[in-house]
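Inspection log for the structure reproduced underneath, given as structure tokens.
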There are 2 protein chains.
Amino acid sequence: MLSAMTAPGPPPYGSPDALRPRKQPRQARSRATVDRILASGREVLLSDGYDAFSTNRVADAAGISPGSLYQYFPNKHAIVAAIVDRYSDDVSDQVAASLVDRLGEVGPAMVRACADALLTALEENADLLRVVFEELPARQNAARRAALERRVQDLVAAYLAASRAGEPSPRQPTVVAWVLVLAVENLAVRWVLDAPPIPRDVVLDELVRLSLGYLQADRGAGGASA
Amino acid sequence: MLSAMTAPGPPPYGSPDALRPRKQPRQARSRATVDRILASGREVLLSDGYDAFSTNRVADAAGISPGSLYQYFPNKHAIVAAIVDRYSDDVSDQVAASLVDRLGEVGPAMVRACADALLTALEENADLLRVVFEELPARQNAARRAALERRVQDLVAAYLAASRAGEPSPRQPTVVAWVLVLAVENLAVRWVLDAPPIPRDVVLDELVRLSLGYLQADRGAGGASA
DNA sequence: CTGGTATGCGAGTCCTGGCTCGCGTCAGGA
DNA sequence: TCCTGACGCGAGCCAGGACTCGCATACCAG
């Protein structure tokens, strides 16, 4: 235990366990403290942004002292990481669940339902989404975000591999899933954050068109070389 | 002039002219100094990342004193903004030029050529792209990035409006352009930065499929409701 | 009850880094 | 040549903020 303290030099923040908690809360009291830290940290992030996210500020908002905070988190980044992780897992869970529920189905309705689930998940905490995407340096979340994307990509690839009945050319499902997931993800995020003048159901329609059009795009557009 | 100094309180960084230079360099000597600041700032960004980007560091790398730096830049962010602006304009110019050159053409070859131009522009300075996308807080560049995207979206929308000969349903070109540009942009950026195991020409093929498939996706996938 | 441990405290340390300011130097017009 | 303003210098100011440490208090086992 306490591996973070035994290291001779301070490990870089990219290091795998630089964010590992110092010790586990044993009593109910301390578990409540950790929860308060996370909750208050989230509030600070939402109300004042990442720039104002200082450990003193969080401790103050949580009604505890800075020292207590450092009993369970090795540094400031670990707190942010914990908050973002929880959020990330939420979104990931919702989208993955929506996909798994409809692995048997095919066609526009299925695609639309999944896109809808994604939009809903993002809208639910649009404010935190904004902080994560527009204020945090992306490098910190790169790993977490990649994991989320990979999870969904794997599901989509599996779905494609299973249900390609009547598909003309057997393109690599992993590549197709990569394209599909990244395209849809970015559109969904941007729609929620930038709020362009496009109604929700229009966006859903377009996401369906984009996805199905891409999946069926094998007559005429195939190996078009320059 | 010197509007930044007359303000009673320091303006927030979101303010329109918080990044405006304090004074214009008049003599050749000072113009060279500004260039050196920008060049060294870029180097620091590339070699050590945004975290190490301090004004003292930049001044040191440029071989000038911190004071000189503040003669032309009101604050640290202005230097970063200037560097990113220049880069942003470069990419924007290349993509826009590629589009304009082919406004008359139609079909896979045209789409592929434009996608190729985008990939090339991004690959050219992949290291700076990484810094911009993964280290800078996105909020700072949000405006600049939105401008870039809007410029391309307008071009695409104009192209669509002009060349929709034989298109079945007249969807809103602005919406279609929004979808197309954001989807393709994100895929291109992610491909360059994450380097997934997908060959370059395969990515181009898929981008073409995605775009054309989406544009022609009006049989069967139209108003699919949940 | 009692000793040990887990928890909590918060003033204070210390360092980073943005930014200044008073003073020298240089360039170019008159 | 001289003189004015542009240019440059760099030690240092100062605020903010991450993090500590010695001590008080609360919990729980025996």
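Excluded from the calculations below are hydrogen atoms, water molecules and symmetry mates; all remaining heavy atoms, backbone and side chain alike, are included. Below, chain A is the first sequence line, B the second, and so on; all start at residue 1.
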Could you pull out all donor-acceptor pairs under 3.5 Å where a side-chain atom in residues 135-143 of chain B meets a protein atom, sequence neighbours excluded?
from	atom 1	to	atom 2	distance (Å)
B:Glu135	OE1	B:Tyr50	N	2.8
B:Arg139	NH2	A:Asp51	OD2	3.1
B:Gln140	NE2	B:His77	ND1	3.3

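- In this structure, A:Tyr70 places its OH atom 7 Å from P of D:dT20, rounding to the nearest Å.
- Among residues two or more places apart in sequence or in another chain, the side-chain contact (heavy atoms from CB on, under 4.5 Å) test is passed with B:Asn125 by B:Arg42, B:Tyr87, B:Asp127, B:Leu128.
- Computed from coordinates, the B:Phe53 CZ to C:dC19 P distance equals 11 Å when rounded to whole Å.
- A:Thr55 has no side-chain polar atom (N or O) that falls below the 4.0 Å cut-off from OP1 or OP2 of D:dG17.
- If you measure from atom OH of B:Tyr50 to atom P of C:dG17, you get 12 Å, rounded to the nearest angstrom.
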Would you be so kind as to tabulate the donor-acceptor pairs closer than 3.5 Å made by side chains of residues 186-203 of chain B, with sequence neighbours excluded?
from	atom 1	to	atom 2	distance (Å)
B:Asn186	ND2	A:Leu182	O	3.1
B:Arg190	NH1	B:Asp194	OD1	3.0
B:Arg190	NH1	B:Asp194	OD2	3.3
B:Trp191	NE1	B:Ile198	O	2.9
B:Arg200	NE	B:Glu123	OE1	3.2
B:Arg200	NE	B:Glu123	OE2	3.1
B:Arg200	NH1	B:Asp116	OD1	3.0
B:Arg200	NH2	B:Asp116	OD1	3.1
B:Arg200	NH2	B:Thr120	OG1	3.1
B:Arg200	NH2	B:Glu123	OE1	3.0

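- Between A:Asp60 atom CG and C:dG8 atom C1' there is a gap of 15 Å when expressed in whole angstrom units.
- If you take CZ of A:Phe73 and P of C:dT7, they are 13 Å apart, rounded to a whole angstrom.
- A:Asp35 has its CG atom 13 Å from the P atom of C:dT7, to the nearest Å.
- When the salt bridge (charged side-chain N to carboxylate O under 4.0 Å, His left out) test is applied to B:Asp101, no partner is found at least two apart in sequence or on another chain.
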* Where along nucleotides 4-11 of chain D does protein come under 4.0 Å, by heavy atom, of base (B) or sugar-phosphate alone (S), with - for untouched nucleotides? -> --SSBBB-
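- Remark: C1' of C:dG17 and CG of B:Leu69 are 13 Å apart, rounded to the nearest angstrom.
- Nearest heavy-atom pair across B:Ala177 and B:Val156 is CB-CG1, 3.9 Å.
- Residues passing the salt bridge (charged side-chain N to carboxylate O under 4.0 Å, His left out) test with A:Asp90, sequence neighbours excluded: none.
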